[in-house]
Each structure stands twice: as C-alpha cells, then as structure tokens.
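The structure appears right after this line, and notes come after that.
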Number of protein chains: 2
Amino acid sequence: MASNAVMEETLQVLKDHKLRVTPQRHIILAYLVSHHNHPTVETIRDALSKELPNIGSSTIYNTLNTFVDHHLVVELQNGDGSTHYDYFGSPHYHAICTNCGRIVDVTYPGFSDTEKSLEEKTAEISGYMISGNHMEVYGLCPECQIKLGIKND
Amino acid sequence: MASNAVMEETLQVLKDHKLRVTPQRHIILAYLVSHHNHPTVETIRDALSKELPNIGSSTIYNTLNTFVDHHLVVELQNGDGSTHYDYFGSPHYHAICTNCGRIVDVTYPGFSDTEKSLEEKTAEISGYMISGNHMEVYGLCPECQIKLGIKND
DNA sequence: TTATTACATTGGAATGGTTCTCACTTACTA
DNA sequence: TAGTAAGTGAGAACCATTCCAATGTAATAA
Ligand SMILES: [Mn+2]
Ligand SMILES: [Mn+2]
Ligand SMILES: [Zn+2]
Ligand SMILES: [Zn+2]
C-alpha cells in the first residue's frame with residue numbers, strides 16, 4: 001500500500017486539479033504514483049481488493065479517464081487487447097516487448113529537447129496547435145531474447 | 001480506383017513478401033498505397049464496395065493483420081474507438097487532432113536520423129532488441145482551431 | 001492441364017474490454 | 001448542517017474484433 005508521503009502528495013495533486021477527493025480516486029492515484037507497472041483496469045482492481053473490496057470497474061474506468069483528461073495519466077496499448085495506464089510524473093517514453101507485452105520506462109539526458117524539437121517541427125509543418133506527444137519503441141525484451149534463443153545466457 | 005502502376009507495384013510487394021495473391025489482398029493493398037486517409041475497416045469496406053461487393057469484414061481484418069505482421073502497414077488509434085490503418089511506404093509519423101480525430105502525415109529532412117538515434121539510445125538503455133517505433137504528436141488541427149475560435153480566419 | 005493441398009474467404013456467432021444507465025451515496029459550499 | 005452537483009456501483013448494453021466451420025481458390029508439381 002502507498003506510503004504516507006504518497007498519500008499526501010496525491011491528495012495535493014487532486015486538489016490542484018480541482019478534482020473532488022473521493023477515497024477511490026485518492027487510492028487509485030496513490031497506487032499509480034507508487035507503481036510503475038503500467039497496469040490494466042483488472043490489475044488495479046486486484047491490487048486494491050483489500051482497500052476497495054467493492055469498487056466497480058466502471059469507477060476505475062471513470063477515474064482513469066478523468067486522470068487522462070487532466071493529463072495526469074497516459075494510456076498505453078501493448079497488443080494484449082486491453083489498455084494500460086501510467087502515471088506521468090516525469091517525462092519518459094516506453095519500450096514495449098512485441099513478444100510478451102512488457103512495458104518499461106525509458107529516458108535519457110536531452111530527451112526533453114528531442115521532444116520539444118519534434119513538437120516544434122510538427123507545429124511548423126502541419127499547422128497543428130500541439131498539446132502533447134507519445135513515443136514508443138518496439139522490440140524484444142532481454143528475457144524474451146533469451147527465451148527465443150536469440151541471446152545466450 | 002488504383003492505377004495500373006499501383007496494381008503492378010502492389011502485386012510485386014505481395015510476391016516479395018511471399019504472400020498468396022488473392023484479389024482481396026491485392027485490391028486492399030492497392031487502396032492503401034494510393035490513399036493516405038488512414039482508413040478504418042469500415043472505410044475500406046465502403047470504398048471497395050464496387051470492386052469487392054461481397055467481402056467480409058473478417059477478410060479485411062485478416063488481410064490487414066497479415067500486412068501489419070509483414071510491416072507493410074501500421075495501426076493507429078485516434079480515440080474514436082476503432083483502429084486506423086496506414087500503408088507505411090516511406091518513413092513518417094502522425095499528427096492527430098484531439099478534437100476531430102484527423103490524422104495527417106508528417107516528416108522532415110533528418111527525421112530518419114532522429115528515429116535511428118531514438119532506437120539506438122533505447123536499445124542501450126533498456127537492453128531491448130529494437131524492431132521499430134511509433135511517434136505521434138497530438139494537438140488541434142487548423143480547421144478545429146478555427147471551429148473552436150482559437151484561431152481567426 | 002489437371003490434381004492436390006494448404007491456405008484464404010465468408011458470414012454468422014462469440015468474445016470481451018469499455019461505456020451506459022440509474023438508483024443511491026457522498027464531497028463540497030455556504 | 002442542509003442543499004446540491006457530482007461520484008459510485010451493479011448490471012445491461014455496446015460494438016470492434018476474433019473465432020469458427022464450411023466453402024472456395026492460388027500455388028505447385030505431375
Ligand atoms: Mn511509464
Ligand atoms: Mn500516415
Ligand atoms: Zn518480452
Ligand atoms: Zn480537428
């Protein structure tokens with residue numbers, strides 16, 4: 001379960017965004033902030049079964065959609081048919097395994113500049129008024145490389 | 001309908017990928033090569049209703065999934081609930097309107113270098129064996145900027 | 001050409017993630 | 001503390017996509 005510090009932090013995040021503070025929202029956001037596992041709705045429901053035994057999946061969907069609208073959370077697809085969610089506290093992008101679906105965070109010094117440059121060029125070329133971007137890189141995760149006999153050891 | 005040149009080109013593409021040449025595959029691929037409208041399955045079905053009046057949507061899904069497996073086609077989501085498909089003949093990325101869903105192609109000199117650099121850095125950091133990437137930029141298209149009163153004229 | 005056969009196509013049923021509905025509850029405001 | 005707009009939860013509904021089994025056909029070799 002989420003630490004006291006996380007509970008305080010997430011409470012403040014909800015207030016800053018003028019979102020009504022319900023136990024469900026608070027607990028879900030705290031879970032996302034303290035886990036980087038890119039969970040599905042089902043994963044979240046299972047993980048919170050102690051704290052919120054009676055939560056409906058509608059509520060989880062509603063909550064996550066609200067967070068997405070407020071740009072607190074991003075949605076990810078890894079090809080398994082369901083949507084994965086990720087608290088977007090600091091800029092990063094994702095490497096997604098085409099074999100097992102594993103999603104890992106990636107960033108590097110200068111990544112924000114790459115992003116900014118991409119957005120500026122895009123605005124110039126397309127005339128769009130840019131509000132965000134997503135980058136994803138696909139490939140085989142280390143475990144799957146071994147499993148498939150592509151990499152030894 | 002697709003030109004003779006496109007029909008010849010797509011025939012060769014199918015053969016190069018050792019795909020069995022059926023009228024359905026040939027016509028769908030020719031449609032994708034000669035249109036950059038990022039269609040859904042329904043859009044494709046409607047557009048080809050003259051040439052393939054009895055095609056089943058299963059066939060369109062099967063065909064597109066096969067093309068995706070062969071990296072001829074990429075899938076895109078624009079938030080409207082259905083998957084959009086795009087023949088990926090030359091490297092580009094997409095600007096997607098968050099208001100109306102419009103998807104436009106974007107590229108610029110040096111884009112391939114940006115891509116390559118992103119993939120190399122990702123491989124180094126994550127240990128993934130990289131096979132591809134997707135970049136998307138979100139914002140308001142010029143038409144929606146006007147419609148929403150953000151841009152005049 | 002013709003026969004063989006593995007693969008593709010169809011259309012209808014099944015699937016399953018997500019949204020919708022509505023009665024009930026609750027968080028905020030004054 | 002009361003009033004009210006907003007959130008919750010259970011289940012139904014939705015609908016894009018996949019699955020299935022019967023039928024059709026493209027590729028290959030004799
Ligand atoms: Mn992440
Ligand atoms: Mn495109
Ligand atoms: Zn993997
Ligand atoms: Zn638009």
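Every chain is numbered from 1 and lettered A, B, ... according to where its sequence line falls, protein lines coming before strand lines.
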**OP:** Would you list the pairs meeting ring-ring contact (aromatic ring centres under 6.0 Å, His included) in which at least one residue belongs to residues 42-72 of chain A, sequence neighbours left out?
**Re:** A/H17-A/H70
Original post:
Under 4.0 angstrom, heavy atoms only, what part of the nucleic acid is B/D80 near: base, sugar-phosphate, or nothing?
Top reply: nothing
Subject >> Test side-chain contact (heavy atoms from CB on, under 4.5 Å) applied to B/I28 and B/I55, step by step >> reply: CA-CA 11 Å; B/I28 291 172; B/I55 194 169; 4.1 Å; yes
Original post:
Using the C1' atoms of the five pairs at each end, what is the angle between the end axes of the helix from C/dT1-D/dA30 to C/dA30-D/dT1, to 10°?
Top reply: 50°
Subject >> Pairing residues for A/N37 by the side-chain contact (heavy atoms from CB on, under 4.5 Å) criterion, not counting sequence neighbours >> reply: A/Y31, A/H35, A/P39, A/T43
Subject >> 5' priority, DNA chain D, between B/Q77 and A/T59 [closest heavy atom] >> reply: A/T59
Original post:
With sequence neighbours left out, what residues match A/E75 under salt bridge (Lys or Arg N to Asp or Glu O under 4.0 Å)?
Top reply: none
Original post:
Taking 5' to 3' order, which nucleotide of DNA chain C is first and which is last to have an atom within less than 4.0 Å of a heavy atom in chain A?
Top reply: C/dG17 to C/dC28
**OP:** With a 4.0 angstrom cut-off to heavy atoms of chain B, pull out the first and last contacting nucleotide of DNA chain D, in 5'-to-3' order.
**Re:** D/dA16 to D/dA27
Subject >> Counterpart residues, salt bridge (Lys or Arg N to Asp or Glu O under 4.0 Å), relative to A/E8 (two or more places apart) >> reply: none
With a 3.5 Å cut-off and sequence neighbours excluded, list the donor-acceptor pairs that the side chains of residues 103-110 of chain B form with protein atoms.
{"from": "B/D105", "atom 1": "OD1", "to": "B/H38", "atom 2": "NE2", "distance (Å)": "2.8"}
{"from": "B/D105", "atom 1": "OD1", "to": "B/H92", "atom 2": "NE2", "distance (Å)": "3.3"}
{"from": "B/D105", "atom 1": "OD1", "to": "B/H94", "atom 2": "NE2", "distance (Å)": "3.2"}
{"from": "B/Y108", "atom 1": "OH", "to": "B/T114", "atom 2": "OG1", "distance (Å)": "3.4"}

**OP:** Assign A/S57 to base, sugar-phosphate, or nothing according to its heavy-atom contacts below 4.0 angstrom with the strands shown.
**Re:** nothing
Original post:
Counting any heavy atom closer than 4.0 Å, what does B/T40 reach on the DNA or RNA strands: base, sugar-phosphate only, or nothing?
Top reply: nothing
**OP:** Name all pairs fulfilling the ring-ring contact (aromatic ring centres under 6.0 Å, His included) condition that reach into residues 112-138 of chain B, sequence neighbours left out, sorted by first residue then second.
**Re:** A/H134-B/Y138, A/Y138-B/H134
**OP:** Could you tell me which residues satisfy salt bridge (Lys or Arg N to Asp or Glu O under 4.0 Å) with B/R25, sequence neighbours excluded, listed by chain and number?
**Re:** none
Original post:
Would A/K121 and A/E124 pass as an ion pair if we require N to O under 4.0 Å?
Top reply: no
Original post:
Less than 4.5 Å apart, any side-chain heavy atom of B/C100 and any of B/E143?
Top reply: no
Subject >> Other ILVMFWY residues reachable from A/V74 by side-chain steps of under 4.5 Å >> reply: A/F88
**OP:** Identify, residue by residue, the members of residues 17-25 of chain A with a heavy atom below 4.0 Å from DNA chain C, and return them in order of residue number, or none.
**Re:** A/R20, A/V21, A/P23
